[in-house]
Number of protein chains: 2
Amino acid sequence: MADLALNIALTVDVIIFRLREGELQTLLIKRGLAPYKGRWAIPGGFVRPDESVDAAARRELFEETGLKEVYLEQLYTFGEPKRDPRGRVVTVAYFVLAAIAQAAPQAGDDAAEAQWRPITDLPPLAFDHASILAYALKRLRYKLEYTAVGFELLPEEFTLTELQTAYEIILGETLDKRNFRRRLLEADPPIIEETGKYRTGQVGPRAQLYRYRDDAVAEVRARRLFP
Amino acid sequence: MADLALNIALTVDVIIFRLREGELQTLLIKRGLAPYKGRWAIPGGFVRPDESVDAAARRELFEETGLKEVYLEQLYTFGEPKRDPRGRVVTVAYFVLAAIAQAAPQAGDDAAEAQWRPITDLPPLAFDHASILAYALKRLRYKLEYTAVGFELLPEEFTLTELQTAYEIILGETLDKRNFRRRLLEADPPIIEETGKYRTGQVGPRAQLYRYRDDAVAEVRARRLFP
DNA sequence: ACAAAAGTGTTGAGAGTACACCCATGC
DNA sequence: GCATGGGTGTACTCTCAACACTTTTGT
């Protein structure tokens, strides 16, 4: 058995999304070593023999960003033989949603250099990372439409306008304010609840703050193909 | 890099579903070697250094069943350190839908013994295969509700009653005949088309045969969480 | 003749979508 | 006082879901 495994290395790659400055951003690191030295890449690293693959993803995330309590989901395993010029490397990709409040301003010191980039303006990436990132983005948009993962990108307390804006940024389309609010406030079972607090300071009336309910059912029943 | 990889082996496990005898069945093989010697398991094997992970899954499928042209989809990667008592083995699980016509009556000669089992009556399984199978079944049901993968389990030409029965078996609920047919026949863009042929021989009127359109959009737009 | 399966429409309820104005507050 | 943003209701359309009978054919 051991000799069959000898030539395959296992890594994790962690695509980290956050909302900032009105755009959806992802963290990239500049590679300090060959191959692709100096190219931007998705943060990641080797899975250690004694840790689960999920744990490896969380460890890499923490090392790169200091983030711990986040939404993390396994995305896909990429296993083409030639995807890494060094040899046979199979990677398990994950994606992470970092809330605005958590999102570390700077990356950790593991990487030579790190940068948050808007997903609309990405540099050339190392390995097959461009297609991995494209896949992650597709999945994020998809999930956002029929589950409540969007809340993971917001601080614990948020106004309805902030929530709507987050959805609009990610989906790339505008939504109707009244319909949006009605759907959210009249959902049964409820999805969000009032905190009783208000956001003030901005121009205009104060805005009610809400929080996501822990017991919320985070999924809409999909429209079925057949009745 | 090599030493980090040394102790991790990579396998594929392939959950194969088919419809037969009015039930949803999956193929299990009896293990000839320790560990779990004599226990039933999901078919699978090691990924070779020169093949992609997808290719390994297709190769294992072919070796176990002789099947080639099937619907194959990557399911999830299971990477707990202790899931295999021999050492560190990470497995990439796939699921396959075998059409009625294709489904090999017997498994290949790679395994000591193989058996199609209804998913409602499974024996104890080796490793963490019970939970992998449960996950595969959940995903199959889920996909079936909002995509057209169900056609992959049927022969190329089928009657609407056969299609409806297939859905009822997998979902475990009965569907309304008129609503089912209307949705399917009036879908725009169309999903199926008439072959012009009929199924005869059974008691009752002859039944129109249909085929799945290659250009069909296999997905319903999910009901969105927000308008 | 009888049992089994194929095929075919209508209606009522609920969800989805489009749309515009007033008021509070900071500057 | 004016620009910005918060908050609110209604009417129309469309999709969904429930429901029963007639006809054909094999035995």
Side-chain angles (χ1 to χ4, degrees), chain A residues 21-22 144-146 148 154-155 157-169 171 173-211 217 219-227, chain B residues 22 144-146 154-155 157-169 171 173-211 217 219-227:
Chain A
E21 296 141 28
L144 204 70
E145 293 205 359
Y146 67 96
L154 291 175
E157 300 186 341
F158 49 85
T159 68
L160 293 182
T161 301
E162 288 165 359
L163 180 62
Q164 184 178 344
T165 304
Y167 270 82
E168 288 177 339
I169 289 168
L171 296 178
E173 59 183 300
T174 59
L175 303 173
D176 182 89
K177 183 157 65 156
R178 276 169 297 187
N179 292 340
F180 185 85
R181 294 164 105 90
R182 178 175 38 244
R183 186 83 80 91
L184 210 46
L185 294 171
E186 292 172 8
D188 185 31
I191 300 175
I192 58 173
E193 61 190 7
E194 300 186 356
T195 61
K197 291 183 265 179
Y198 295 86
R199 171 141 307 154
T200 56
Q202 81 280 29
V203 177
R206 61 190 195 166
Q208 174 74 258
L209 283 167
Y210 292 85
R211 83 168 66 84
V217 178
E219 217 155 301
V220 223
R221 210 175 98 253
R223 174 178 288 134
R224 290 163 44 139
L225 187 52
F226 301 116
Chain B
L144 204 70
E145 293 205 359
Y146 67 96
L154 290 174
E157 300 185 340
F158 50 84
T159 68
L160 293 183
T161 300
E162 288 165 358
L163 180 62
Q164 185 178 343
T165 304
Y167 270 81
E168 288 177 339
I169 290 169
L171 297 178
E173 61 182 301
T174 58
L175 303 173
D176 182 89
K177 183 156 67 155
R178 277 168 297 187
N179 292 339
F180 185 86
R181 293 163 105 91
R182 178 178 36 248
R183 187 84 79 91
L184 209 45
L185 294 171
E186 292 171 9
D188 185 30
I191 301 174
I192 57 173
E193 61 191 6
E194 299 185 357
T195 61
K197 289 183 268 179
Y198 295 87
R199 170 139 310 152
T200 57
Q202 80 281 27
V203 177
R206 59 190 197 169
Q208 176 74 257
L209 284 167
Y210 292 84
R211 82 168 67 85
V217 177
E219 219 155 300
V220 225
R221 208 175 102 252
R223 173 178 289 133
R224 290 164 43 139
L225 188 51
F226 302 116

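What you see is a predicted model, and the numbers here were worked out from it, not measured in a lab. So you know, we letter chains A, B, ... as the sequences are listed, proteins then strands, and number each from 1. The analysis underlying the following values was restricted to heavy atoms, covering all of them including side chains, and did not include hydrogens, waters or symmetry mates.
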[X] [atom1] to [N] [atom2]: how many Å, rounded?
X      : N      : atom1 : atom2 : result
B:E186 : D:dC16 : CD    : P     : 12 Å
B:R206 : D:dT24 : CZ    : C1'   : 10 Å
B:R199 : C:dG7  : CZ    : P     : 12 Å
A:F158 : D:dG6  : CZ    : P     : 14 Å
B:R183 : C:dG7  : CZ    : C1'   : 19 Å
A:L175 : C:dA18 : CG    : P     : 11 Å
A:F180 : D:dG9  : CZ    : C1'   : 19 Å
A:Q208 : C:dA24 : CD    : P     : 16 Å

Check whether any side-chain nitrogen or oxygen of [X] sits under 4.0 Å from OP1 or OP2 of [N], and answer yes or no.
X      : N     : answer
B:R178 : C:dG7 : no
A:T161 : D:dG5 : no
A:R181 : D:dG7 : yes

Taking ring pair (Phe, Tyr, Trp, His ring centres under 6.0 Å) as the definition, give me every residue that meets it alongside A:F158, ordered by chain and number, with sequence neighbours left out.
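So A:F158 forms a ring pair (Phe, Tyr, Trp, His ring centres under 6.0 Å) with A:F151.
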Of the nucleotides [options], which has the atom closest to the [X] side chain?
X      : options               : result
A:A207 : D:dT23, D:dG7, D:dA17 : D:dG7
B:K177 : D:dT4, C:dT8, C:dG9   : C:dT8
A:P205 : C:dA24, D:dG7, C:dA6  : C:dA24
A:V203 : C:dA6, C:dG16, D:dT4  : D:dT4

Pairwise 5' ranking along DNA chain C for B:Y210 and A:R182, keeping only the more 5' one
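It is B:Y210 whose nearest nucleotide is closer to the 5' end.
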Gap between atom [atom2] of [Y] and atom [atom1] of [X] - 0.5 Å precision:
X      : Y      : atom1 : atom2 : value
A:E173 : A:E168 : CD    : CD    : 8.5 Å
B:R181 : B:L175 : CZ    : CG    : 12.5 Å
A:E194 : A:L185 : CD    : CG    : 8.0 Å

Could you check if a side-chain atom of A:Y198 sits within less than 4.5 angstrom of a side-chain atom of A:Q208, using non-hydrogen atoms only?
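In contact.
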